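Report on the structure given below.
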Amino acid sequence: MKILLLGGYGLLGSDIYNVLVSKRYEVVRYTKRELNLMDRKKLETVLKYYNPQIVINAAGYTDVNRAQNDFQSAFDINCIGTYNLVYSLKKIDAKLIYISTDYIFNGEKNEPYTEEDEALPLNNYGWTKLVSEDIIRANYKNYYIIRTSWLFGLNGRCFPKIILDKLKNNKKVEVVEDQIGSPTYTIDLAENILDVVNLPYGIYNITNSGNTSWYDYAKLIAEYAGLDSSNIISIKTNKYFEKVKRPSYSVLSNSKWKSYNRPLRHFSEALRDFIDKVI
Ligand SMILES: NC(=O)c1ccc[n+]([C@@H]2O[C@H](COP(=O)([O-])OP(=O)(O)OC[C@H]3O[C@@H](n4cnc5c(N)ncnc54)[C@H](OP(=O)(O)O)[C@@H]3O)[C@@H](O)[C@H]2O)c1
C-alpha cells in the first residue's frame, strides 16, 4: 500500500512517518519546500506520479496565537491548501486522512464533544480548521477526518517540553487551571491512524483516554520528571493576558472510535513513556 504523507516533518507527521515505516509501509513524505499545499499544479503532478492509495495530511498552519494576527496565512494554508489537495486528489481517487482539532468547539459543553456536536470556534485557527473540514466534506467522498487534541511528541514544540524546560531552568511558569482537554501522544495516534481506513468514511475523534487541566497536566509532568513543581503557578484564564480565546472544555468523546477499535491508553501512561524518552 502506497501512502503519501504531507506535514511528515512536523510534530505529528514525524511520528506518523516513523511508525508507518517501522511497520514496513511504503511511505513518502515531503518538506513544505518540496511540496507546498499552495502549489496545486505540483500537488497534482506528484499525486499522479506517485499514485498513492492513501494520502495523510498532517500539514497545516498550526500556530494558534499567530493565526489570530495573520488570518490570511492561516486561511490560505488550511483552507485553500485543503481545497488544492482535495481538487488534486479527485484525479486519483485515493483515501484522504485529514487531521483536525478540538479547537473547532467553543467549550461551552461540560461533557465530551461527539462527532455530531455543533462546532463554533472561538479563534481564527479553529475557524480555518472547521472550514477545511467543510471543504473536504463538500468536495470529496473518500475522507476520514480525525479530530484530536493537545498533541505532545518528541519531534517538535509541545507543552510538556516547554514545562520541562522552564522547571529545569528554575523558572516560574503560570499555567491555567480552567481549560480542560485530553493530551494525546503523537506516537499513540500514529500507531492507530491507519485503522480508520477500514471504517466507514467520516469524522472520528481520536485522543488518548482521560482528561485534565493544563495546570494538573504541568504538575504531572513535573512529578514524572522528578522535578520540583513549586514553580508551577495556577492561574485562571481571565487573569492570563492572551488575545486568543481558547475553549474551556474541549474533551472529545471517543465513543465512535471505541465502537470499532480499542481505546487509546490513558494520557498519563503515554506521558510517562514520553518523559522517560526526553529526560
Ligand atoms: N499540535 C496540537 O496540539 C494539535 C492538536 C489538535 C490537532 N492538531 C492538528 O494536527 C496536525 C499536525 O499538527 P502538528 O502539531 O504536528 O503541526 P506542526 O508541527 O506545525 O507541523 C505541520 C507541518 O506542516 C508543514 N506545513 C506548513 N505549511 C505548509 C504548506 N503550505 N504546505 C506543506 N506543508 C506545510 C510545516 O512545515 P514547516 O515546519 O516547514 O512550516 C510542518 O512540518 C495539524 O493539522 C493540526 O491542526 C494539532
Side-chain angles (χ1 to χ4, degrees), residues 4-19 28-43 46-47 55-67 70 72-85 88 96-105 113 119 121 123-133 135-136 143-162 179 181-190 193 203-208 214 217 244 246-247 250-252 264 267 270-271 274:
L4 187 141
L5 172 62
L6 286 146
Y9 293 86
L11 177 68
L12 175 62
S14 299
D15 279 329
I16 295 177
Y17 182 79
N18 295 336
V19 166
V28 287
R29 63 172 168 176
Y30 294 93
T31 62
K32 181 167 69 178
R33 268 188 81 182
E34 289 164 341
L35 187 59
N36 197 304
L37 283 165
M38 302 313 293
D39 187 346
R40 192 199 288 182
K41 213 166 178 58
K42 190 149 181 202
L43 276 172
V46 170
L47 285 173
V55 173
I56 303 174
N57 185 15
Y61 189 107
T62 59
D63 189 324
V64 180
N65 290 328
R66 219 149 42 94
D70 188 7
Q72 189 66 54
S73 302
F75 180 84
D76 284 348
I77 295 169
N78 291 344
C79 304
I80 307 294
T82 298
Y83 181 76
N84 288 339
L85 179 60
S88 312
L96 169 65
I97 299 176
Y98 178 76
I99 311 298
S100 192
T101 172
D102 55 329
Y103 275 24
I104 60 164
F105 294 112
Y113 283 94
N123 56 46
N124 285 349
Y125 165 73
W127 274 113
T128 63
K129 294 299 288 188
L130 181 59
V131 171
S132 66
E133 287 192 6
I135 287 169
I136 294 169
Y143 74 84
Y144 301 96
I145 292 170
I146 294 178
R147 291 181 182 153
T148 190
S149 61
W150 294 28
L151 291 177
F152 65 97
L154 301 167
N155 305 294
R157 205 176 128 79
C158 61
F159 183 77
K161 283 192 191 175
I162 295 167
Q179 291 176 26
S182 299
T184 299
Y185 192 20
T186 49
I187 292 184
D188 289 1
L189 181 53
I193 197 162
I203 302 175
Y204 293 89
N205 295 338
I206 310 181
T207 66
N208 277 117
W214 289 111
Y217 184 21
V244 191
R246 293 163 194 263
S250 62
V251 179
L252 300 174
L264 271 58
F267 78 87
L271 181 65
F274 171 82

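One-based numbering, in listed order, for ligands and for the atoms of each. Positions are given from 1 along the sequence. Note: hydrogens, waters and symmetry copies are ignored here, and every other heavy atom, side chains too, is used. Here the structure is a predicted model, which means the values were calculated and not measured.
Ring geometry for Trp150 against Trp214 counts as parallel: the plane angle stays under 30°, on a 0 to 90° scale with 60° as the upper cut. Using cut-offs of 30° and 60° for the angle between ring planes, the Tyr204 and Tyr144 rings count as tilted.
Protein heavy atom at the shortest distance from atom 47 (O) of ligand 1 is Tyr125 OH, 2.6 Å. Given atom 33 (C) of ligand 1, the protein heavy atom at minimum distance is Leu35 O, 3.5 Å. Among all non-hydrogen protein atoms, the one lying nearest atom 3 (O) of ligand 1 is Leu151 N, 3.0 Å. Given atom 34 (N) of ligand 1, the protein heavy atom at minimum distance is Ala59 CB, 3.5 Å. For atom 12 (C) of ligand 1, the nearest non-hydrogen atom of the protein is Ala58 O, 3.3 Å. Protein heavy atom nearest atom 32 (N) of ligand 1, with residue, atom name and distance: Leu37 N, 2.9 Å. Protein heavy atom at the shortest distance from atom 31 (N) of ligand 1 is Asn36 OD1, 2.8 Å. Taking atom 26 (N) of ligand 1 as the reference point, the nearest protein heavy-atom neighbour is Lys32 CD, 3.8 Å.
Salt bridge status for Lys42 with Asp39: absent, with no side-chain N to carboxylate O gap under 4.0 Å.
In terms of polar-atom proximity, Thr62 is counted as a contact of ligand 1, with an N or O under 3.5 Å from an N or O of the ligand. In terms of polar-atom proximity, Gly7 is not counted as a contact of ligand 1, lacking any N or O under 3.5 Å from an N or O of the ligand. The N/O atoms of Leu12, backbone and side chain alike, include one that comes under 3.5 Å of an N/O atom in ligand 1. Backbone and side-chain nitrogen or oxygen atoms of Ile99 are examined, and one is located within less than 3.5 angstrom of a nitrogen or oxygen of ligand 1.
Once rounded to the nearest 0.5 Å, the distance linking CG of Asp188 with CG of Asn208 reads 4.5 Å. Rounding to the nearest 0.5 angstrom, the gap separating the CD1 atom in Ile16 from the CD1 atom in Ile99 is 5.0 Å.
Only side-chain heavy atoms of Ile77 come within less than 4.0 Å of ligand 1; its backbone N, CA, C and O stay farther off. Contacts with ligand 1 closer than 4.0 Å are made by side-chain heavy atoms of Lys129 only, the backbone lying farther away.
Partner of Thr148 under the side-chain contact (heavy atoms from CB on, under 4.5 Å) criterion, chosen from Thr207, Ile206, Ile193: Thr207.
Heavy-atom proximity to atom 7 (C) of ligand 1, evaluated over Gly8, Gly153, Gly10, Ser100, is greatest for Ser100.
Protein non-hydrogen atoms do not reach within 4.0 Å of atom 39 (O) of ligand 1.
In this structure, Arg29 is positioned above the aromatic face of Tyr9, its NZ or CZ under 6.0 Å from the six-membered ring centre and within 45° of the axis.
Assignment of Phe152 to the shell around ligand 1 is not supported, since no heavy atom sits closer than 4.0 Å. Contact annotation: Thr148 has at least one heavy atom less than 4.0 Å from an atom of ligand 1. Not a single heavy atom of Ser14 sits closer than 4.0 Å to an atom of ligand 1.
A distance-only check finds no donor-acceptor pair linking the side chain of Asn78 to the backbone of Lys129 [under 3.5 Å].
For Tyr185 and Phe152, the ring centers sit closer than 6.0 Å to each other.
Inter-residue side-chain proximity for Cys158 and Phe274 is flagged as met; some heavy-atom pair is nearer than 4.5 Å.
By the side-chain contact (heavy atoms from CB on, under 4.5 Å) test, Ala74 is found to be paired with Tyr61, Ala67, Thr128, residues two or more places apart in sequence or in another chain being considered. Taking Tyr30 as the reference, Leu4, Val28, Glu34, Leu35, Val46 meet the side-chain contact (heavy atoms from CB on, under 4.5 Å) condition, with sequence neighbours excluded.
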